[in-house]
Each structure stands twice: as structure tokens, then as C-alpha cells.
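Position 1 is the first residue of the sequence; numbering continues from there.
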Amino acid sequence: MLKRILLASCVMVAASGAAFAGEQYVDETGFAISGYDPVAYFDLKQAEPGGAQPRAVPGRADITANYNGATWAFASEEHREMFVANPAKYAPKYDGHCAYGIAQGGKVPANPNLWRIVDGALYLNITPTVVGFWASDISGNINKSEGNWTSLEAKDASDKSWKAISDNDGTYDGTAPVK
């Protein structure tokens with residue numbers, strides 16, 4: 001029952017959004033992945049599926065680059081240079097939307113602290129509860145997401161805030177990017 005309610009919520013959120021910056025998910029911060037450094041994920045020690053991941057690394061508002069119609073923030077000039085040299089390597093899949101939402105057929109926001117790297121690709125999810133669904137069959141969910149992405153990619157990006165979802169309370173401290 002809880003799973004059905006969460007899936008219905010994901011679909012409703014996905015159906016109601018318009019893009020802030022092209023196809024890339026951009027929330028109220030005005031930055032892709034809420035102002036967190038996309039390169040830094042690849043330096044963090046990843047937890048086993050089901051375990052809590054380390055928190056995302058805030059980017060700096062004065063170290064940025066543009067990609068896919070959005071502004072990205074970085075913790076260092078070195079990370080910015082790495083991203084600019086190969087943005088597709090570091091940008092999260094599905095234009096920064098929730099990977100499980102894509103598997104279920106909709107574009108919904110993603111929480112930058114709910115992440116996983118699989119086969120060199122960064123995936124984000126919307127809430128801790130959804131992470132559980134995602135982790136129960138990561139490869140199956142990736143296959144579903146890939147199948148759905150071809151029809152979803154051209155749709156407007158979500159304009160909803162992942163912070164507005166009460167299930168995300170406690171999943172973040174402060175905001176990014178930092179000044």
C-alpha cells in the first residue's frame with residue numbers, strides 16, 4: 001500500500017512540472033543538483049546498497065560551469081576543469097531527476113544526498129523511502145529507467161523542490177552552493 005502511494009505521488013509530481021533550465025532538473029537554488037559538486041561524488045566512499053551514503057559535497061557559487069542549459073557548482077577549480085573536460089562522465093543520469101521516478105515513468109526531483117554510482121554513472125533518488133525501492137533491484141530499475149528515458153527525455157524538467165517532501169527532513173544540512 002505504501003509503495004502504491006509513493007508511486008502515485010511520484011507520478012503526480014512528475015506530471016505537474018515545467019522546466020527551469022532546459023532539460024536539466026534545477027531547483028530553487030538555480031543550480032543543477034542543488035549546487036552540489038558532481039565530480040566530488042566520485043571521490044566519496046560509497047556505502048553498500050541499503051546503507052546511508054556520505055553527504056554530497058557543496059559546490060562554491062564562485063566556481064561554476066554551464067552544461068545542458070544549467071549552471072553547475074564545484075568545490076574546487078580542479079573539479080570544475082574535470083567536469084568541463086567530460087561533463088557526461090560526471091553529470092547525473094536522467095538530467096538529474098530521480099532514477100526510480102524515471103523507472104516508474106515520470107520526471108520527479110532528486111535529492112543530491114541520495115545517490116549511487118553504478119558502472120561509472122551517477123544516479124540520484126528523491127527520498128530515503130524511494131532509495132529502498134531502488135536498492136531492492138538496482139539493475140532491474142536501471143533497465144526500466146533506460147527503457148523509459150527515450151520517451152521521457154524530451155518532456156519538461158520537474159520544477160518541484162525535493163526539500164518540500166517531508167521524507168527528506170534530516171537528509172541535508174544547510175544549503176549549497178556555498179558563498
Side-chain angles (χ1 to χ4, degrees), residues 19-49 51-103 107-128 130-131 134-135 138-139 141-143 145-146 148-150 152-154 156-159 161-163 168 171-179:
F20 260 63
E23 299 172 21
Q24 189 68 43
Y25 171 63
V26 175
D27 65 7
E28 67 276 7
T29 65
F31 288 85
I33 56 175
S34 304
Y36 289 87
D37 183 337
V39 177
Y41 289 98
F42 294 85
D43 294 333
L44 297 172
K45 182 168 174 49
Q46 184 163 238
E48 291 295 321
Q53 295 285 46
R55 296 279 171 102
V57 176
R60 290 180 31 186
D62 62 335
I63 304 175
T64 64
N66 292 317
Y67 171 69
N68 197 27
T71 302
W72 301 71
F74 304 91
S76 69
E77 287 289 345
E78 177 186 15
H79 280 189
R80 181 193 176 284
E81 290 170 18
M82 291 169 67
F83 182 86
V84 169
N86 191 358
K89 176 180 179 178
Y90 298 106
K93 295 286 284 183
Y94 317 122
D95 296 330
H97 290 89
C98 172
Y100 188 74
I102 298 298
K107 281 187 172 181
V108 297
N111 179 332
N113 286 306
L114 303 175
W115 61 275
R116 175 149 306 282
I117 295 172
V118 179
D119 296 330
L122 175 61
Y123 296 88
L124 303 175
N125 278 290
I126 190 170
T127 67
V130 167
V131 168
W134 171 256
I138 293 172
S139 63
N141 284 311
I142 289 173
N143 286 336
S145 296
E146 289 298 311
N148 289 340
W149 187 239
T150 54
L152 292 174
E153 185 174 13
D156 289 343
S158 175
D159 68 348
S161 173
W162 59 271
K163 289 182 181 179
N168 281 320
T171 64
Y172 61 96
D173 327 294
T175 61
V178 295
K179 303 287 179 200

Student: To the nearest 0.5 Å, how far apart are CD in Glu28 and OG1 in Thr175?
Tutor: 9.5 Å
Student: In Å and rounded to the nearest 0.5 Å, what is the CG to NE2 distance from Asn125 to His97?
Tutor: 13.0 Å
Student: Would you check, one step at a time, whether the test side chain to side chain contact (heavy atoms under 4.5 Å, CB included) holds for Asp37 with Phe42?
Tutor: CA-CA 10 Å; Asp37 183 337; Phe42 294 85; over 6 Å; no
Student: For the backbone of Pro112 and the side chain of Arg55, can you confirm whether one donor and one acceptor N or O come within less than 3.5 Å of each other?
Tutor: no
Student: Check Gln24 against Ala157 and note the closest heavy-atom contact, atom names and distance.
Tutor: O-CB, 3.7 Å
Student: For Ser145 and Ala99, work out which heavy atoms get closest and say how close.
Tutor: OG-O, 2.8 Å
Student: Given 3.5 Å as the limit, does a donor-acceptor pair link the side chain of Asn111 with the main chain of Thr127, or not?
Tutor: no
Student: In the structure I gave you, are the side-chain heavy atoms of Asn141 and Tyr123 within less than 4.5 Å of one another anywhere?
Tutor: no
Student: Looking only at heavy atoms, which two atoms of Pro177 and Ala73 are closest? And how far apart?
Tutor: CB-CB, 3.8 Å
Student: Is the shortest heavy-atom distance from the side chain of Pro54 to the side chain of Tyr41 under 4.5 Å?
Tutor: no
Student: Side-chain donor-acceptor pair under 3.5 Å between Ser34 and Trp162, yes or no?
Tutor: yes
Student: How long is the straight-line distance from NE2 of His79 back to CZ of Phe74, given to the nearest 0.5 Å?
Tutor: 10.0 Å
Student: With under 30° as parallel and over 60° as perpendicular, where do the rings of Tyr67 and Phe83 fit, or are they tilted in between?
Tutor: perpendicular
Student: Under a 3.5 Å cutoff, is there a donor and acceptor pairing between the side chains of Tyr94 and Glu23?
Tutor: no
Student: Rounded to the nearest 0.5 Å, what separation is found between the CG atom of Asp95 and the CD1 atom of Ile33?
Tutor: 12.5 Å
Student: Between Gln53 and Leu114, is there a donor-acceptor pair closer than 3.5 Å when you use the side chain of the first and the backbone of the second?
Tutor: no
Student: Taking the side chain as C-beta and beyond, is there a heavy-atom pair between Trp72 and Val26 under 4.5 Å?
Tutor: no
Student: For Lys107 versus Glu153, what's the shortest heavy-atom pair and its separation?
Tutor: NZ-O, 3.1 Å
Student: Please report the shortest heavy-atom distance between Gly96 and Ala110, naming the atom on each side.
Tutor: O-CB, 3.2 Å
Student: Under a 4.5 Å cut-off applied to non-hydrogen side-chain atoms, are Pro109 and Asp27 in contact?
Tutor: no
Student: Quick check for you: to the nearest 0.5 Å, what is the distance between Asn113 atom CG and Asn168 atom CG?
Tutor: 9.0 Å
Student: Quick check: closest heavy atoms across Tyr36 and Gly174, and the distance to 0.1 Å?
Tutor: OH-O, 4.5 Å
Student: From Ile126 CD1 over to Leu124 CG, what is the distance, rounded to the nearest 0.5 angstrom?
Tutor: 11.0 Å
Student: Just do the side chain to side chain contact (heavy atoms under 4.5 Å, CB included) check on Lys93 and Glu146 with the steps written out, would you?
Tutor: CA-CA 10 Å; Lys93 295 286 284 183; Glu146 289 298 311; 3.3 Å; yes
